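Read through the structure below, which is laid out as structure tokens, and then see the notes.
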Amino acid sequence: MDNDERLPEGSPPKRPPSKGSLPGFRDFYPEDLARRSAIFRAWRAVARRYSFVEYDGPPLEPLDLYTQKSGDEIVTQLYSFEDKGGRQVSLRPEMTPTFARMVAARANALPKPVRWFSLPQLFRYERAQRGRLREHFQLNVDIVGEPSELADAELLCVAIDIMRELGLGPDDVRAKVSDRRLLNELLAAIGVSEGQLGAVYGVLDKVARQPHDVSREKLEAAGLVPNQVERIMALPDVATMDDLERDFGHVAAVKPALERFGRYLGHLHALGVTAWVDIDLSIVRGLAYYTGTVFELFDAKGELRAICGGGRYDNLLAALGGVDLPALGFGMGDVVLGELLKAHGLFDDVVTEGPEFWVVSTVHNEPATVLSTAAALRRMGYAAEYVLNEEKLRTQKSAAQIKAAERAGAQWLVIFRDDTHAEVRPLSREKGEEHREWPVIALQDLQDPERGYAALAAAGVPAARDD
RNA sequence: GUGGCUGUAGCUCAGCUGGUUAGAGCACCGGACUGUGGCUCCGGGGGUCGCGGGUUCAAUCCCCGUCAGCCACCCCA
């Protein structure tokens, strides 16, 4: 191994040529994209079912859109650079600033409530690990202009219905709900001061992931007395409205927030999702801008990161876009969701789609007949394939072509009797059908769509999909 | 950004205290079963053993670095 070093002294170490994709970025092979598309379909289907409309914005934004309003931590993780025009730009790490700008620009013209959703690809420069990449797709669903808790209930219902749409149930996924206004009143009743709120939020957020001793120490360090510490540590155990009534019902100042939370839960009941929902006052959400209801969706086993999180942010549009409108929304990423679906086997039968037809060349027909038949089928809106090799089209045995059709995932075979007639049979046939007679169609009929559809329908072929 | 573990074919993995041309299964491509299918058989392509350096007569194996992946922090989407 004595390859001579020709690099001059002191030159920087050469980075090996990059092979795969960049760290934290994904290649979507057809089977991967099929799974991604299944998620996208569910997102769009449910969002539309609730009458949300889709929008999008630029994936690249001015850097200051994020540096001005977002936290310091986000700024260190921006995928930012200077473009050739000398502008400081960043790939979008979240959709909300773009959404706020777009809504603000037409705030007066938009009918309220605004119900918009988007499927942006978002970017963050940070260490990649399971469930967390440098890039992901995130469904964003937002409602603007509606202050009542009916909107809060509807929003959570969208997230839950997506779980249903994907085949998950309340035994698989739990929705944990809380309300910051309520929590603030509860903490005030306990005697927590405004200045101590941040520390208490921090402890509550981590109560499940951090030893209770550590939590208690942090609360004491914030200046809370033992009695207060115990009452705060008891908050995550609250599971029902009755618990809340029992512990805080006598405090007059808490009552309005309590009643509002009760109405929220009542709406969720009427919408039929109560079986999915748990009260969990330790859900505060990391982002500081939430002002009302907050929720997160988790896998029931608690093995994965949060699937989805959101809530009400009534002051954010004023801060970000300059219009003072109440708003709420959630984000749901494709990465954790995909892992959950995979773990439940719900991706097993998601495959790339094969063609409806495979046209099989035989000794009885001219190769040109294969092409014209496929062309006719395609004009009718079907996907049609045949062996794409001239030599094989002339000489390959039908058996080999049928094998190829099977591998390609075709549904129907067209097998020529001669240059004017062909048999149409399903590729997957039942046992005992090996010698069955299959319908024969006249190729002439395929040249006219109406007669073509009739002929194929007679052979049992459904109409072409129009998507 | 910090720490720990891992890195052999497209995938899942073998590779016996360092010793000739690094193997298997699956997948892929081709052929046979004398031209209408799922079986079976035969053959083939594919690996700078992540990359770079060091120790050694000899390194996939030992040491260092680096890159990548996973995990835990950090933080969140």
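Given the structure is predicted, the values throughout are model-derived calculations rather than measurements. Throughout, protein chains are lettered first and strands after them, A, B, ... in sequence-line order, and every chain is numbered starting at 1. Values below: all heavy atoms of this structure, side chains included; hydrogens, waters and symmetry mates excluded.
- The residue A:Leu122 sits apart from the nucleic acid: no heavy atom pair falls under 4.0 Å.
- In terms of the salt bridge (Lys or Arg N to Asp or Glu O under 4.0 Å) criterion, residue partners of A:Asp278 (sequence neighbours excluded) are, by chain and number, A:Arg174.
- The number of heavy atoms from other shown groups lying within 6.0 Å of CD (A:Glu82) is above 12.
- No contact: A:Gly202 has no heavy atom under 4.0 Å from any strand.
- A:Pro120 comes within 4.0 angstrom of nothing in the nucleic acid, heavy atoms only.
- Salt-bridge check for A:Arg312 with A:Glu149: failed, with every basic side-chain N at 4.0 Å or more from each acidic carboxylate O.
- Heavy atoms of A:Gln138 sit under 4.0 angstrom from primed sugar atoms or phosphate atoms, though from no base atom.
- In this structure, A:Arg124 atom CZ and B:C76 atom C1' are separated by 6 Å, rounded to whole Å.
- A:Leu337 comes within contact range of no nucleotide atom at all, as no heavy-atom separation falls under 4.0 Å.
- Salt bridge status for A:Glu94 with A:Arg124: absent, with no side-chain N to carboxylate O gap under 4.0 Å.
- Consecutive Watson-Crick or G-U pairing (both distances under 3.5 Å) extending over three or more pairs maps onto RNA chain B as B:1-7 with B:67-73, B:10-13 with B:23-26, B:28-32 with B:40-44, B:50-54 with B:62-66.
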Using a 4.0 Å heavy-atom cut-off, write out nucleotides 28-35 of chain B from 5' to 3' as B (base contacted by protein), S (sugar-phosphate only) or - (no contact).
S-S--S-B
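- Comparing B:G7 with B:U21, their P atoms are spaced 24 Å from each other, to the whole Å.
- For A:Arg164, the salt bridge (Lys or Arg N to Asp or Glu O under 4.0 Å) partners at least two apart in sequence or on another chain are A:Asp161.
- Here A:Ala306 lies out of heavy-atom contact (under 4.0 Å) with every strand.
- Within the model, atoms OH of A:Tyr290 and CG of A:Asp314 stand 12.5 Å from one another, a figure rounded to the nearest 0.5 Å.
- The CZ atom of A:Phe117 sits 10.5 Å away from atom OG of A:Ser51, with the distance rounded to the nearest 0.5 Å.
- A cation-pi geometry, defined here as NZ or CZ lying under 6.0 Å from the six-membered ring centre and within 45° of its normal, holds between A:Lys176 and A:Phe298.
- Every salt bridge (Lys or Arg N to Asp or Glu O under 4.0 Å) that A:Asp83 has, sequence neighbours left out, goes to A:Arg87.
- The same atom, P, is picked in B:C39 and in B:C26; the two are 12 Å apart, to the nearest Å.
- Between the side chains of A:Asp445 and A:Tyr453, no donor-acceptor pair of N or O atoms lies under 3.5 Å.
- Rounded to a whole angstrom, the distance from the P atom of B:C29 to that of B:G35 is 22 Å.
- Nucleotides B:U55 and B:C63, compared at atom C1', are 7 Å apart to the nearest Å.
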Tabulated below should be each protein N or O lying under 3.5 Å from an N or O of nucleotides 1-6 of chain B; please produce it.
{"from": "B:U2", "atom 1": "O4", "to": "A:Arg127", "atom 2": "NH1", "distance (Å)": "3.1"}
{"from": "B:G3", "atom 1": "O6", "to": "A:Arg127", "atom 2": "NH2", "distance (Å)": "3.4"}

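- By the 6.0 Å and 45° rule, A:Arg92 does not stack over the aromatic ring of A:Phe123.
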